[in-house]
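All values derive from a computational prediction rather than experimental measurement. We count ligands from 1, going down the list as the structure has it; atoms in each ligand are counted the same way.
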Amino acid sequence: MSGQLRYDGQVAVITGAGGGLGKAYATFFASRGAKVVVNDLGGSFKGEGNSTKAADVVVNEIKAAGGEAVANYDSVENGDKIIETAIKAFGRIDILINNAGILRDVSFKNMKDADWDLIVKVHIKGAYKCARAAWPYFRKQKYGRVINTASAAGLFGNFGQANYSAAKLAMVGFTETLAKEGAKYNIVCNVIAPIAASRMTETVMPPEMLENLKPDWVVPLVAVLVHKNNTNENGSIFEAGGGHIAKFRWERSSGLLLKADDSYTASAIIKQWSKVSDFSNPQYPSGVNDFVGLLEESMKLGPSPQ
Ligand code: NAD
């Protein structure tokens, strides 16, 4: 995949494309031949209010540059309406970038149900509704490319973001399952944890750092992952920002294997705790069945030390 990647004849739906990362994706894909649905609810970064302006500005910019785009102003919670816009305007959908997002940062002690519920609704239900509505089209045409958006806060946790972290790590499990279900239909799904200057980050990072985190520098990774030639990376997790791209994976310690009988006690575990957290001979599981072999081995063992 070298040279300039093109998406001619393809339709890309980008949620939350009225600003930040979403706008960067939308203008890029339009400049490379895709027809783009620019979705944006147009509210505040805390998820308050709505407006048609954010999406309209991006659509006008794309059209002025000679590209094709239509606006959609629905909340991602109504993802079916967003996909319907793509079908009505362009007759198909090839690429879905679940990017829309908000923050309701507050320490866990002070978190209200409303802070939790809104984050779950926009990030988890939003990504679900868009992907669910696109799925029948992807399956029928045996082609689809999906990007879901996680966050470092989801991978590691972050003070004041219990709601956001939970929703963002959910994007990882969601992507891993869609990747497994979509593989035989050539539906490829990956998840990114981006870092970029946007209205979300402008209040928490110093200007000199933001200068080096242009949203445009997350775009090339997404461009590669949703290109038709990408059939290798499916269900993968990537971190991207400021020119750095890295892949994440699950790592399991070689672990402690005890016989599952009466000898399997708390004190037996404490005695050999170092084996539980010994990463010197790690495994890299990628499916639920990767655990079954360990269970079988455990059945064959003799009694555990007490
Ligand atoms: P942003 O606020 O500039 O963009 C998010 C866009 O989503 C906004 O234009 C907003 O109007 C739109 N939106 C919000 N709720 C919506 C809804 N219900 N329906 C439709 N549109 C809605 O922020 P950004 O930094 O560009 O964030 C893009 C994505 O990347 C988000 O999912 C965010 O959580 C994630 N992310 C960003 C960073 C970063 O460093 N900027 C880090 C980790 C994750």
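For a threshold of 3.5 Å applied to N or O pairs, the pair formed by E77 and ligand 1 contains no separation below that value. Taking distance alone, with nitrogen or oxygen atoms compared against 3.5 Å, G22 stays at or beyond that limit from ligand 1.
Proximity annotation for atom 24 (P) of ligand 1: of G241, G20, S198, S198 comes nearest, heavy atoms only. Of the options G19, G16, A152, the smallest heavy-atom separation from atom 7 (O) of ligand 1 is shown by G16. Ranked by closest heavy atom to atom 10 (C) of ligand 1, the top entry among H123, K125, R199 is R199.
Looking at atom 36 (N) of ligand 1, its nearest protein heavy atom turns out to be Y164 OH, 3.6 Å. Closest to atom 41 (N) of ligand 1, if we only count protein heavy atoms, is A196 O, 3.0 Å. Nearest protein heavy-atom contact of atom 30 (O) of ligand 1 is T149 CG2, 3.4 Å. The shortest contact between atom 42 (C) of ligand 1 and any protein heavy atom is with P194 O, 2.9 Å.
Of the charged side-chain nitrogens involved, none lies within less than 4.0 Å of a carboxylate oxygen, so that K184 and E181 do not count as a salt-bridged pair.
Remark: distances from the non-hydrogen atoms of T15 to ligand 1 are all 4.0 Å or more. For the pair A54 and ligand 1, no heavy-atom separation below 4.0 Å is found. Ligand 1 does not have K121 within reach: every non-hydrogen atom of the residue lies 4.0 Å or more from it. Residue contacts with ligand 1: G126 is excluded, as none of its non-hydrogen atoms falls under 4.0 Å.
Contact annotation for K168 and ligand 1: only side-chain heavy atoms (C-beta onward) come within less than 4.0 Å of the ligand. When heavy-atom distances to ligand 1 are checked against a 4.0 Å cut-off, L213 has no atom that comes that close, whether in backbone or side chain.
The 12-atom threshold is not exceeded at CZ of F159, counting heavy atoms of other residues, nucleotides or ligands nearer than 6.0 Å.
Ring orientation note: the planes of F28 and Y7 are nearly perpendicular, at an angle over 60° on the 30°/60° scale.
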